[in-house]
Amino acid sequence: MPRLDKMPGVFFSANPKELKGTGHSLLDNKTQKKRPKTFGMDVKAYLRSMIPHLESGMKSAKSKDILSADEVIQWSQSLEKLLANQTGQDVFGNFLKSEFSEENIEFWLACEDYKKTESELLHYKAEKIYKAFVHSDAAKQINIDFHTRESTAKKIKAPTRTCFDEAQKIIYTLMEKDSYPRFLKSNIYLNLLNDLQANSLK
């Protein structure tokens, strides 16, 4: 009987576990390098965790109240309708993260919150928003023109609830014309809509 280890084209290791061991660290390295590309999968997992009935495939009246296919379809009618919905804000925010422009929605939401601020806290909040998003050295600097940046800096010295309105309008228009159309064509939006529509048929 011929020895197996002498047969052409057949290779054996004395210890099969050694084979696993040799490629393991290389595989780990490759996996680590590729991790950023799995962002879309992470978002899908996040969405599924927000809508439990998608994962289980079970019909639940309570979970359907959280988000419906009709609501998600309404998001495509205007950016205003998308941002009026809390889940819409979260999903759009995740899309912007994938494009490295999440500072736009964060600034817009900060401005919306600022408008409801009590008078005695206006100065504190205005400084905080300015340093986070508007200042030329801001970590999450928004893309506005020099004139708007300068006029906003002057306005926050004697802050009112409207001192960020000009900058907020520019960022809203930027999202509306640039990111929002891409969001409606993205896998993040289309997969969510398809999952909800498929689930409503069950």
Side-chain angles (χ1 to χ4, degrees), residues 30-115 129 132-134 138-146 148-149 164-202:
K30 283 179 185 172
T31 308
Q32 283 168 6
K33 284 177 187 172
K34 286 184 180 176
R35 260 175 207 158
K37 292 183 182 176
T38 62
F39 181 83
M41 292 168 67
D42 294 340
V43 171
K44 197 163 185 185
Y46 163 76
L47 291 174
R48 288 183 182 281
S49 70
M50 282 170 38
I51 310 153
H53 69 284
L54 290 183
E55 191 66 38
S56 62
M58 292 170 64
K59 284 189 175 181
S60 163
K62 194 174 179 183
S63 57
K64 277 192 173 180
D65 290 342
I66 296 171
L67 193 65
S68 68
D70 288 341
E71 271 182 285
V72 176
I73 289 168
Q74 281 181 16
W75 296 354
S76 67
Q77 292 172 9
S78 69
L79 179 59
E80 187 181 353
K81 286 195 175 180
L82 170 64
L83 294 177
N85 182 285
Q86 178 62 57
T87 311
Q89 291 174 12
D90 294 339
V91 177
F92 187 51
N94 274 301
F95 170 73
L96 292 180
K97 272 182 191 173
S98 75
E99 294 204 329
F100 305 102
S101 59
E102 67 269 28
E103 70 278 357
N104 290 333
I105 192 168
E106 287 177 17
F107 172 70
W108 186 86
L109 289 169
C111 291
E112 288 296 289
D113 175 68
Y114 176 77
K115 290 172 189 174
I129 293 170
F133 300 102
V134 183
K140 294 184 175 184
Q141 191 191 88
I142 51 168
N143 185 15
I144 54 175
D145 60 274
F146 176 78
T148 306
R149 205 178 297 281
F164 291 107
D165 282 9
E166 191 183 357
Q168 187 187 17
K169 189 177 179 183
I170 290 170
I171 292 306
Y172 183 89
T173 304
L174 184 68
M175 291 192 292
E176 188 176 40
K177 291 184 176 177
D178 188 44
S179 308
Y180 176 62
R182 284 200 301 277
F183 167 73
L184 295 178
K185 295 175 185 174
S186 71
N187 287 336
I188 290 175
Y189 175 72
L190 295 174
N191 287 346
L192 175 62
L193 181 58
N194 289 339
D195 282 350
L196 286 167
Q197 285 176 331
N199 222 0
S200 66
L201 297 173
K202 287 180 183 177

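- Side chain of Asn85 to main chain of Lys81: no donor-acceptor pair is present (N/O by atom type, distance under 3.5 Å, no hydrogens or angles).
- Here the CD1 atom belonging to Ile170 is positioned 11.5 Å from the CG atom belonging to Asn104, to the nearest 0.5 angstrom.
- Residues Glu106 and Lys140 share a closest heavy-atom pair of OE1-NZ, 2.6 Å.
- In this structure, the side chain of Tyr180 does not engage the main chain of Leu174 through any donor-acceptor pair within 3.5 Å.
- Minimum interatomic distance between Phe164 and Cys111 (heavy atoms only, all atoms of both residues): CB-SG, 3.7 Å.
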Side chain to side chain contact (heavy atoms under 4.5 Å, CB included) between Val72 and Thr87, intermediate numbers included: CA-CA 9 Å; Val72 176; Thr87 311; over 6 Å; no
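- Distance check, rounded to the nearest 0.5 Å: CZ of Phe95 to CG of Leu184 gives 9.0 Å.
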- prompt: Can you list the steps and then say if Met175 with Leu96 is a side chain to side chain contact (heavy atoms under 4.5 Å, CB included)?
  reply: CA-CA 9 Å; Met175 291 192 292; Leu96 292 180; 4.1 Å; yes
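- Tested against Ile144 for a side chain to side chain contact (heavy atoms under 4.5 Å, CB included), the candidates Gln168, Glu166, Arg149 yield a single pass: Arg149.
- Ring planes of Phe183 and Phe92: perpendicular class, angle over 60° (limits at 30 and 60°).
- The main-chain N or O of Asn187 is found under 3.5 Å from a side-chain atom of Asn191 such that the two form a donor-acceptor pair.
- Put simply, CZ on Phe133 and CH2 on Trp108 are 13.0 Å apart, with the number rounded to the nearest 0.5 Å.
- Minimum interatomic distance between Tyr189 and Ile73 (heavy atoms only, all atoms of both residues): OH-CA, 3.8 Å.
- Residue-environment remark: CD (Glu80) stays at or below the threshold of 12 foreign heavy atoms within 6.0 Å.
- In this structure, Thr173 OG1 and Asp178 CG are separated by 11.5 Å, a value rounded to the nearest 0.5 Å.
- The 12-atom threshold is exceeded at CG of Asp113, counting heavy atoms of other residues, nucleotides or ligands nearer than 6.0 Å.
- In this structure, Leu193 CG and Asp70 CG are separated by 9.5 Å, a value rounded to the nearest 0.5 Å.
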- prompt: Can you check side chain to side chain contact (heavy atoms under 4.5 Å, CB included) on Ile105 and Leu83, steps first, answer last?
  reply: CA-CA 9 Å; Ile105 192 168; Leu83 294 177; 3.8 Å; yes
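- Between Lys169 and Asp165 no salt bridge is recorded (no basic side-chain N to carboxylate O distance below 4.0 Å).
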message: Is there a side chain to side chain contact (heavy atoms under 4.5 Å, CB included) between Trp75 and Leu192? Walk through the geometry before answering.
response: CA-CA 12 Å; Trp75 296 354; Leu192 175 62; 3.9 Å; yes
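- Looking at Gln141, its side chain never comes within 3.5 Å of a backbone N or O of Ala138 through a donor-acceptor pair.
- With rounding to the nearest 0.5 Å, the separation of CD in Glu71 from CD in Gln74 is 7.0 Å.
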